[in-house]
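Each remark here refers to the structure printed beneath this line.
Chain A is the first sequence line, chain B the second, and so forth, proteins listed ahead of strands; every chain is numbered from 1. Reckoned from all heavy atoms, side chains included, excluding hydrogens, waters and symmetry mates.
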Number of protein chains: 2
Amino acid sequence: MELYQERGFDQTTTAEIAARAGVNERTFFRHFPDKREVLFDGEADLRAALMHEVAEAPEGLAPLDVLLHAFRKAGRILEENRPFSEPRLAVIAVTPALRERDLAKAASLTEAVAEALRRRGVEDRLAGLAAQTGWAAFHHAAQAWIDTPSQNLDAHLLHAFDDLHTLAAASNR
Amino acid sequence: MELYQERGFDQTTTAEIAARAGVNERTFFRHFPDKREVLFDGEADLRAALMHEVAEAPEGLAPLDVLLHAFRKAGRILEENRPFSEPRLAVIAVTPALRERDLAKAASLTEAVAEALRRRGVEDRLAGLAAQTGWAAFHHAAQAWIDTPSQNLDAHLLHAFDDLHTLAAASNR
DNA sequence: TAAGTAGCGTCAGTGACTGACGTCAAGTAG
DNA sequence: CTACTTGACGTCAGTCACTGACGCTACTTA
């Protein structure tokens with residue numbers, strides 16, 4: 001992170017990272033599959049939290065409500081890690097290669113969420129679409145939270161899901 | 001495409017591609033910014049078509065209905081190019097590096113669609129969310145179209161947007 | 001006819017990643 | 001305590017994507 005902030009991601013070589021960490025370059029690649037992955041280490045935690053919250057959501061909730069519930073719960077991880085999340089997102093935002101990886105991670109998480117919905121008995125087709133739609137709202141809320149930190153993530157999430165209803169209600173078919 | 005299908009993307013070197021095309025390796029990189037981009041050449045066409053259809057959709061339509069309209073129109077590009085789209089998608093599907101790029105392109109197109117919605121007067125916040133939601137439905141329909149070619153893309157699109165309403169209507173808040 | 005200029009080949013690099021091999025310290029079994 | 005395994009690391013050599021610099025050639029355009 002230090003180096004990525006100092007020189008930017010592209011101007012940082014893996015040799016420099018290894019040197020700063022006091023190890024050999026080869027060792028770096030034994031810990032991370034590639035240079036980008038360094039910034040996506042917490043993904044497993046978020047994934048586990050999301051899957052857990054989807055599974056444990058109250059019975060009888062509609063798919064989107066399950067997701068809102070899960071995102072609100074899991075969102076706490078983001079809020080608590082804000083001091084780390086902030087510079088991390090800043091670096092990702094200005095580096096196309098990292099944005100690509102970020103999108104890939106998001107897609108993977110979305111698929112995991114869809115699978116969790118299916119395990120709750122949500123119909124196959126609907127689960128995938130619900131996960132993607134819900135993720136869009138979540139992503140939207142997270143972005144708004146970064147841009148407008150005066151409100152907490154929870155409020156942004158409620159707002160985004162309300163917007164979802166507004167959009168669907170206004171549509172004719 | 002020939003080489004990517006024969007050996008797979010990762011096992012194909014840029015030198016081989018250049019040789020097969022009868023040019024120098026350096027020349028390859030003058031035509032494409034990188035090895036992946038070869039498979040994403042038609043993107044500009046799709047983007048132009050989408051933006052055009054969003055702009056030209058009938059007045060008074062709700063955001064999601066504008067998108068359904070635009071996707072139905074632009075979807076014809078995909079249907080007409082199916083002989084090329086099919087192997088292309090197959091290669092992308094089995095190559096993580098290409099999936100990443102694909103997601104990045106999708107995100108970029110989504111942003112373009114959102115911008116087109118804003119130009120129609122859709123409110124800023126709503127435009128972004130509508131674009132992402134609509135894209136989720138579009139993506140879903142395209143996937144279903146690949147998996148179940150017996151129905152045409154149009155039918156899949158209508159179905160996906162119907163599912164969107166089902167999801168929203170079943171949700172309580 | 002002279003002066004671009006656009007497309008290409010050649011060459012020499014840089015940097016991300018990989019495989020093979022050697023080393024060394026911390027167990028673990030006997 | 002000794003032999004043996006095991007896991008984390010260093011070293012070295014190599015591949016491959018990609019880049020900058022330079023020079024050639026054909027084709028415009030003044």
Check side chain to side chain contact (heavy atoms under 4.5 Å, CB included) between A:Val94 and all other residues, then give those that pass, not counting sequence neighbours.
none

Apply ring pair (Phe, Tyr, Trp, His ring centres under 6.0 Å) to B:Phe84 and list each qualifying residue two or more places apart in sequence or on a separate chain.
none

Could I get the full list of side-chain hydrogen bond (donor to acceptor under 3.5 Å, both in side chains) partners for B:Asp163, not counting sequence neighbours?
A:Arg125

The side-chain hydrogen bond (donor to acceptor under 3.5 Å, both in side chains) partners of A:Lys73 (sequence neighbours excluded) come to none

Taking atom C1' of D:dA17 as reference, at what distance in whole Å does atom CZ of B:Phe32 sit?
15 Å

Selection: residues 18-29 of chain A, any non-hydrogen atom under 4.0 Å of DNA chain D
A:Val23, A:Asn24, A:Arg26, A:Thr27

Residues in side chain to side chain contact (heavy atoms under 4.5 Å, CB included) with A:Gln5, at least two apart?
A:Met1, A:Pro87, A:Val91

Could you check whether atom CD of B:Gln11 has more than 12 heavy atoms from other residues, nucleotides or ligands sitting under 6.0 Å from it?
yes

Start and end of chain B contact along DNA chain C [non-hydrogen atoms, under 4.0 Å]:
C:dC8 to C:dT10

For A:Glu2, what residues pass the side-chain hydrogen bond (donor to acceptor under 3.5 Å, both in side chains) criterion, not counting sequence neighbours?
A:Arg20

Among all residues two or more places apart in sequence or in another chain, which pass the side-chain hydrogen bond (donor to acceptor under 3.5 Å, both in side chains) test with A:Arg101?
A:Asp34, A:Glu37, B:Glu100

What integer distance in Å separates A:Arg30:CZ from D:dT6:P?
17 Å

Could you identify which residues cluster with B:Leu103, counting Ile, Leu, Val, Met, Phe, Trp and Tyr as linked when any side-chain heavy atoms lie under 4.5 Å apart, either directly or through a chain of such contacts?
A:Leu103

Please, which pairs that meet ring pair (Phe, Tyr, Trp, His ring centres under 6.0 Å) have at least one residue in residues 6-28 of chain A, sequence neighbours excluded?
A:Tyr4-A:Phe9, A:Phe28-A:Phe32

Quantified as the angle between the terminal helix axes (five pairs each), what is the overall bend of the helix from C:dT1-D:dA30 to C:dG30-D:dC1 to 10 degrees?
10°

